[in-house]
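Notes follow the structure.
In this chain, residues are counted from 1 in sequence order. Just so you know, these numbers come straight off a predicted model, no measurement behind them.
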Amino acid sequence: MLQVSVLKEQTDHVLAALAKKHYKTAEADVAAILDLDQRRRQLQTSHDSAQAEANDLARQIGGLMKTGDKAGAETLKARTAELKQHTKTAAEELAQVEKDLQQLLYKLPNLPHASVPEGRGAADNEVVREGGQKPELGPDALPHWDLIKKYDIIDFELGIKISGAGFPVYKGQGARLQRALVNFFLDQARDAGYTEVQPPILVNEASGYGTGQLPDKEGQMYHDAQDNLYLIPTSEVPITNLYRDEIIPADKLPIKNTGYTPCFRREAGSWGADVRGLNRLHQFDKVEIVQITEPEKSYEALEGMVAHIESLLQQLELPYRVLRLCGGDMGFTSALTYDLEVWSAAQGRWLEVSSASNFETYQANRLKCRYRAEGGKTQLLHTLNGSALALPRIVAALLENNQSADGIRLPQVLHSYCGFEKIG
């Protein structure tokens, strides 16, 4: 959530930045926020002034009663009653104005970093670098949805039977490969200095608002209306919310956490070839890395997170590329996002497997996640997260890129984790 002080002091900059994200109602929304903030300040001043006068009159009434001036005391009591009604009315209006102001602030996306390229969609994203070698497959190469049937390692029909489309059943070597990848990713994160946590996969509404999934992506989240809980779309939500309403000692920074969870996304409106097989699911496994750090260190931290994700792809021997997302393709809460994609040889296209983002103070402002800087003043922290990694498309690329006549060769780094060197 953007700070009102930033909107007020840097209005032109804010409007230009929101235009880069193609936020259409920026001018009207910012103006409405500033008007509400001015009204809020007026009401607060009026409330506080009336309260102070009432407190002063209460002291005067006591003095008048001691001297026997009951008439004077009654006059002041009548004025005190008026002031109490005024403060009550002002408090009620103030609460409504603050609620309206909060809702408008929730609508505004984060401001993009200066390095974010202009653009409206994926075609305008900037390729930062590429790594690895694309495999040359023969004419009989199969896409992963055919390979999983051939080797009987994932069953979509069973998933439909017990849940519905987008909920596959992993079995045999497929299930073992899933577990191997999760353990490999977690071990790599631990070696990189991240502390493993195992968070809940159901979160409350405050957690959804804290990291910005609500109200922006409410329609994409599975919701249990009876208990008002949401299935997490990513473990970023519970892991970052561990620090909601916290003042973190400076000597505890940076905070570096990692966690594995299943993730759940409704993916409403998704269809077509791009969602076939493992390309898009309603439930999938992912290992996440999260950092919370001082503002002046956050972009160095982001580059380190991207380097960590790249190292995973390099060890998995997958060709990949790193993209800097343009303004129109960025997430609602992000100030700067790098996407990492792997090459899917049989499909002949790039598949996104990770997003690494710096949210600057946007989430921290919602979370009230602060630290005590030098001099004792509290300041908002910067929050960051990245997928390290999401499994479905990693599995798709491993299957397609490493297929051969006698099975699917797995990268050496997974042999000890899997207990086998090839599928088939």
From [atom1] ([X]) to [atom2] ([Y]), nearest 0.5 Å:
| X | Y | atom1 | atom2 | answer |
| --- | --- | --- | --- | --- |
| R40 | L101 | CZ | CG | 6.5 Å |
| D216 | L214 | CG | CG | 9.0 Å |
| L94 | Q42 | CG | CD | 11.5 Å |
| K99 | L36 | NZ | CG | 13.5 Å |
| L389 | F185 | CG | CZ | 4.5 Å |
| L325 | M330 | CG | CE | 7.0 Å |

Worksheet item: So, for Y299 and A335, which heavy atoms are closest and what is the spacing to 0.1 Å?
Response: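 Heavy atoms of Y299 and A335 come nearest at OH-CB, 3.7 Å.
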Practice prompt. Please step through side chain to side chain contact (heavy atoms under 4.5 Å, CB included) for the pair L181 and L398, ending with a clear verdict.
Written response: CA-CA 11 Å; L181 284 166; L398 286 173; 4.3 Å; yes
Under a 3.5 Å cutoff, is there a donor and acceptor pairing between the side chains of [X] and [Y]?
| X | Y | result |
| --- | --- | --- |
| Q363 | E236 | yes |
| Y170 | D285 | no |
| E196 | Y260 | no |
| S298 | N358 | yes |
| T293 | Q291 | no |
| S207 | N204 | yes |
| E317 | Q133 | no |
| S344 | E400 | yes |
| D339 | S355 | yes |
| H86 | S46 | yes |
| R244 | N241 | yes |
| S49 | E53 | no |

Practice prompt. Starting from the C-alpha separation in whole Å, work towards a yes-or-no answer on side chain to side chain contact (heavy atoms under 4.5 Å, CB included) for T45 and D48.
Written response: CA-CA 5 Å; T45 299; D48 293 348; 6.0 Å; no
Using a cut-off of 6.0 Å, state whether more than 12 heavy atoms not belonging to [X] lie near its atom [atom1].
| X | atom1 | value |
| --- | --- | --- |
| E130 | CD | yes |
| K161 | NZ | no |
| Q103 | CD | yes |
| Q3 | CD | yes |
| E300 | CD | no |
| E296 | CD | yes |

Treating [X] as the side-chain partner and [Y] as the backbone partner, does any N or O pair qualify as donor plus acceptor under 3.5 Å?
| X | Y | result |
| --- | --- | --- |
| S357 | T337 | no |
| E341 | R349 | no |
| R176 | C418 | yes |
| N110 | T333 | yes |
| R321 | R129 | no |
| R372 | G376 | yes |
| T87 | L83 | yes |
| E126 | P117 | no |
| R324 | V128 | no |
| R393 | E352 | yes |

Salt bridge or not between [X] and [Y]? Use side-chain N to carboxylate O under 4.0 Å.
| X | Y | result |
| --- | --- | --- |
| K368 | E246 | no |
| K88 | E92 | yes |
| K21 | E118 | no |
| D329 | R120 | no |
| K286 | E288 | yes |

Is there a side-chain contact between [X] and [Y] (heavy atoms, below 4.5 Å)?
| X | Y | result |
| --- | --- | --- |
| Q220 | E267 | yes |
| F184 | L316 | yes |
| L384 | V290 | no |
| W343 | L318 | no |
| L202 | I232 | no |
| I309 | Y320 | no |
| L229 | V203 | no |
| R366 | T211 | no |

Partner of [X] by side chain to side chain contact (heavy atoms under 4.5 Å, CB included), out of [options]:
| X | options | result |
| --- | --- | --- |
| L105 | I33, D100, D37 | I33 |
| L278 | L391, I394, L351, I154 | I154 |
| H382 | C369, P254, P295 | P295 |

Practice prompt. Could you tell me how the ring of H282 sits relative to the ring of F167: parallel (under 30°), tilted (30 to 60°) or perpendicular (over 60°)?
Written response: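 Rings of H282 and F167: tilted, 30 to 60°.
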Worksheet item: Where does the angle between the aromatic ring planes of Y106 and Y209 fall among parallel (under 30°), tilted (30 to 60°) and perpendicular (over 60°)?
Response: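 Because their plane-to-plane angle lies in the 30° to 60° range, the rings of Y106 and Y209 count as tilted.
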Fill in: Full working for salt bridge (charged side-chain N to carboxylate O under 4.0 Å, His left out) between D155 and K149
CA-CA 7 Å; D155 197 317; K149 288 182 179 179; over 6 Å; no
Practice prompt. Let me see the working for L340 and E310 under side chain to side chain contact (heavy atoms under 4.5 Å, CB included), right down to the final yes or no.
Written response: CA-CA 8 Å; L340 288 92; E310 283 187 80; 3.7 Å; yes
Fill in: Evaluation steps, side chain to side chain contact (heavy atoms under 4.5 Å, CB included), between T361 and T383
CA-CA 7 Å; T361 61; T383 63; over 6 Å; no
Fill in: Y230 ring center within less than 6.0 Å of Y222 ring center
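No, too far apart.
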